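Okay, so here's the structure we're looking at.
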Amino acid sequence: MLTEHVFISQFDIQPNGYISVRKTTEIRREGVVISQLPPWRCVLAPNDHHASEILGDEPYYLALAQQAWSTLPQE
C-alpha cells in the first residue's frame with residue numbers, strides 16, 4: 001500500500017521574526033520511502049495570518065511561531 005507522509009523538514013526563525021518553512025513529502029510503500037517530492041517552501045512574516053493554515057497540522061511549530069512573534073518589539 002502506498003502512503004504519503006508530509007512533514008516539516010526545516011523551520012528557521014530569523015531575528016526579525018520571519019520564519020522559513022520547508023515541507024517534505026515522502027511516498028512510502030509498506031513503510032519504506034520509495035520517492036520524495038521536491039520540497040515546498042515559504043516564508044512567514046511576523047504574525048502572518050496564514051500561519052495556522054500552513055502550520056495547523058503541526059501544533060508544536062505553530063506554538064513556536066506564536067511564541068517567537070510574541071517576543072518581538074511592538075510597533
Side-chain angles (χ1 to χ4, degrees):
M1 177 168 90
L2 292 178
T3 58
E4 184 177 278
H5 181 67
V6 180
F7 59 96
I8 294 177
S9 53
Q10 179 185 6
F11 186 86
D12 293 327
I13 302 172
Q14 303 301 316
N16 62 1
Y18 284 81
I19 300 173
S20 300
V21 178
R22 179 180 65 207
K23 286 187 176 183
T24 299
T25 302
E26 295 178 341
I27 307 300
R28 299 178 180 189
R29 178 182 292 142
E30 298 174 9
V32 177
V33 177
I34 61 171
S35 182
Q36 191 174 57
L37 301 178
W40 178 87
R41 300 172 190 265
C42 76
V43 175
L44 297 172
N47 301 308
D48 196 311
H49 65 277
H50 292 292
S52 59
E53 178 185 332
I54 293 168
L55 303 172
D57 293 340
E58 302 280 350
Y60 172 76
Y61 291 107
L62 183 57
L64 281 177
Q66 291 169 339
Q67 175 62 32
W69 292 333
S70 73
T71 64
L72 293 175
Q74 299 297 319
E75 294 180 3

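Computed over heavy atoms, backbone and side chain alike; hydrogens, waters and symmetry mates excluded. These numbers come from a predicted model, not from an experiment.
Within the model, atoms CD of E53 and CG of D48 stand 9.5 Å from one another, a figure rounded to the nearest 0.5 Å. Note that the CZ atom of R29 and the CE atom of M1 stand 12.0 Å from one another [nearest 0.5 Å]. The distance from atom CD of Q14 to atom OG of S20, rounded to the nearest 0.5 Å, is 5.0 Å.
Counting heavy atoms of neighbouring residues, nucleotides and ligands inside a 6.0 Å radius, atom OH of Y18 does not exceed 12 of them. Within a 6.0 Å radius of CG in N47, other residues, nucleotides and ligands contribute more than 12 heavy atoms.
Using a 3.5 Å distance cut-off with no hydrogens or angles, the side chains of S9 and R22 do pair a donor with an acceptor.
Of all the heavy atoms in L2 and I27, the pair that sits closest is CD2-CG2, 4.3 Å.
Linking ILVMFWY side-chain heavy atoms closer than 4.5 Å, directly or via other members, places L37 and F7 in two distinct hydrophobic clusters. Side-chain heavy atoms closer than 4.5 Å link hydrophobic residues (I, L, V, M, F, W, Y) into clusters, and following such links, possibly through other members, connects F11 to W40. Hydrophobic clustering, with ILVMFWY side chains joined whenever heavy atoms are under 4.5 angstrom apart, groups L72 together with Y61. If you chain together hydrophobic residues whose side chains sit under 4.5 Å apart, Y60 and I19 fall into the same group.
The shortest distance between side-chain heavy atoms of D57 and I8 does not fall below 4.5 Å. Side-chain atoms of R41 and Q10, non-hydrogen and from C-beta on, do get closer than 4.5 Å to each other. H5 is not listed as a side-chain neighbour of T25, based on a closest heavy-atom distance of 4.5 Å or more.
Between the side chain of W69 and the backbone N or O of G17 there is at least one donor-acceptor pair closer than 3.5 Å. Judged by distance alone, the side chain of K23 and the main-chain N or O of I54 form a donor-acceptor pair under 3.5 Å.
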